[in-house]
2 protein chains.
Amino acid sequence: MTRSEENYIKTIFHIGRQGQEAVSTNSIAEQMETKPSSVTDMVKKLSDKNLVNYKRYQGVSLTDLGTKVALGVIRKHRLWEVFLVEKLDFSWDEVHEVAEQLEHIKSDKLIDRLDRLLNYPKYDPHGDPIPDKDGGFEERDKKLLSEVAVGEGGVCVGVKDSSASFLKFLDKNNIALGQFIQVLEMEEFDGSLVIGIGDSTRQISHQIAANLYVKIKE
Amino acid sequence: MTRSEENYIKTIFHIGRQGQEAVSTNSIAEQMETKPSSVTDMVKKLSDKNLVNYKRYQGVSLTDLGTKVALGVIRKHRLWEVFLVEKLDFSWDEVHEVAEQLEHIKSDKLIDRLDRLLNYPKYDPHGDPIPDKDGGFEERDKKLLSEVAVGEGGVCVGVKDSSASFLKFLDKNNIALGQFIQVLEMEEFDGSLVIGIGDSTRQISHQIAANLYVKIKE
DNA sequence: ACAAATTTTTAGGCAAGGCTAAGTTTGTGT
DNA sequence: ACACAAACTTAGCCTTGCCTAAAAATTTGT
């Protein structure tokens, strides 16, 4: 598997998660900042290698083999992210691009040992689940903060958007994984929320709330 | 810098260390398991980028800039080797090929933090010196075991050949860095040695002795 | 249902990095 | 000194992965 093939597979997996069905050429191209014609080329190659199901004009989906490959790459990416944060004191907005490089290192032993060094973590620094060696992972049951009823609250367990700018915003506002967030008020007009974190309260926009996952206390 | 360019630079540096002068196209090709014609192509490109001095038919040598690049890659390679051995319990014969991949990861922050995590090591698992951020490094004063006088001895500080087969041989014979080795006898006929390690003695060939570095006790 | 808009594919090219085969240049032996 | 071997370069071609422009298929609007 070349680096490029791995990146395509990973992208197809990520897009596929949102909408289940066949993934469009255009969406892949957009996500990867490349052109649709390049996608077509690569998709044919992946199809020849039995990594994707592909029929002209009908979009693409991962085969079982392709899914396995995708989960392998994602496992590596997320383990490296944990390493960067836990062992090298990177902040959660700095890890992505380095992990994009590290995820392509080929060595099973390396990744198994890394897993051990990190104590077999189940989630990465953004709260996303880390697949195990066989591709299995536990998706936490979580809710977007924007969908939590007024008066309710939960522990922050993840972010939907993990762009550096969003993560930096959260840092600035002392919002971090593991923190308890309570929804105190919700403004009908724009969907903005007043939330309580620890002893203080804040006003956050709907956009922010729609990118924060919390786990509701049962 | 592409991965390939970095590999050429690194190879030119390593060959240049042995013989000082301009490095031949053929020796680069041989070392890199590629063809001389490919080397010529790449060398031209490196010359355009001011990384090497090159005149047709006259061999090639690194410029100051090229040397800096080489030391940077070597620093990364050796730090990763230390990481693999110290943190992930790789043995010293397993680290090379993984480090070959890791050395091309681009992130200054990553490498500085890795250096810190490992406590600023000065030598890699084979006893080779690790350049610091500015490219400076301390070459230990050491001697090949084959050049040590009978009756003398020293602490094993490095290997000249770091191929997996040689390193495994050393493991099998309980020879490791840090161990005190004494030359007890030397066979004139084939240059083989009888050496003492700890409480036991062993017979080793000249070939082995000529690939082991020791530091003579002053 | 059918023309227009959109999406996707094909055709043809480009740069990187490699190869083989065919020249050049340099070095060597006598 | 000069012929020949060895070393090196050039020329031309290949694959990967990407691009633009143009053609084909699909979807959409009415």
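Scope of the values below: all heavy atoms of this structure, side chains included, with no hydrogens, waters or symmetry mates. Every chain is numbered from 1, with letters handed out A, B, ... down the list of sequences. Small disclaimer: the values here were computed from a predicted structure and weren't measured.
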| Rounded to whole angstrom units, what separation is found between the NZ atom of B:Lys49 and the C1' atom of C:dA15? | 12 Å
| query | Salt bridge between A:Asp108 and A:Lys133, side-chain N to carboxylate O under 4.0 Å? | reply | no
| message | Whether A:Arg140 engages the ring of A:Tyr213 as a cation-pi pair (distance to the six-membered ring centre under 6.0 angstrom, angle to the ring normal within 45°) should be assessed. | response | no
| query | Can A:Asp41 and A:Lys35 be counted as an ion pair, charged N to O under 4.0 angstrom? | reply | no
| request: Answer yes when A:Lys143 and A:Glu152 have at least one side-chain N-carboxylate O distance shorter than 4.0 Å, and no when they do not. | output: no
| query | When A:Ile9 is tested against each of A:Val73, A:Thr67, A:Leu62, A:Leu65 for side chain to side chain contact (heavy atoms under 4.5 Å, CB included), which residue passes? | reply | A:Leu62
| Is any side-chain N or O of B:Thr2 closer than 4.0 Å to OP1 or OP2 of C:dA16? | no
| query | Taking DNA chain C as the partner, which of residues 27-39 of chain B come within under 4.0 angstrom of it by heavy atom? | reply | B:Thr34, B:Lys35, B:Ser37, B:Ser38
| Does A:His206 NE2 have over 12 foreign heavy atoms under 6.0 Å away? | no
| query | How many Å lie between CE on A:Met42 and C1' on D:dT15, as a whole number? | reply | 12 Å
| request: Kindly say if B:Asn26 contacts the phosphate of D:dC8, meaning a side-chain N or O under 4.0 Å from OP1 or OP2. | output: yes
| said: Please check if the number of heavy atoms outside B:Glu187 that lie under 6.0 Å from its CD is greater than 12. | reply: yes
| query | For the pair made of CZ in B:Arg3 and C1' in C:dA15, what is the distance, rounded to whole Å? | reply | 18 Å
| field | N-O pairing of B:Lys109 and A:Asp89 below 4.0 Å | value | no
| Looking at B:Lys44, does any N or O in its side chain come under 4.0 Å of the phosphate oxygens OP1/OP2 on D:dT10? | yes
| query | Does A:Tyr54 make a side-chain N or O approach to OP1 or OP2 of C:dT8 shorter than 4.0 Å? | reply | no
| query | Which nucleotide in the list C:dT10, C:dG18, D:dT10 gets nearest to the side chain of B:Ser4? | reply | C:dG18
Dump every N/O contact between nucleotides 24-26 of chain D and the protein below 3.5 Å, one line per pair.
| residue | atom | partner | partner atom | Å |
| --- | --- | --- | --- | --- |
| D:dA25 | O4' | A:Tyr57 | OH | 3.3 |

| message | Taking any heavy-atom pair under 4.0 Å as a contact, classify A:Thr40: base, sugar-phosphate, or nothing. | response | base
| request: Let me know the distance between CG of B:Asp41 and P of D:dC13, rounded to the nearest Å. | output: 15 Å
| query | Looking at B:Arg17 and B:Glu139, does any basic side-chain N land under 4.0 Å from a carboxylate oxygen? | reply | no
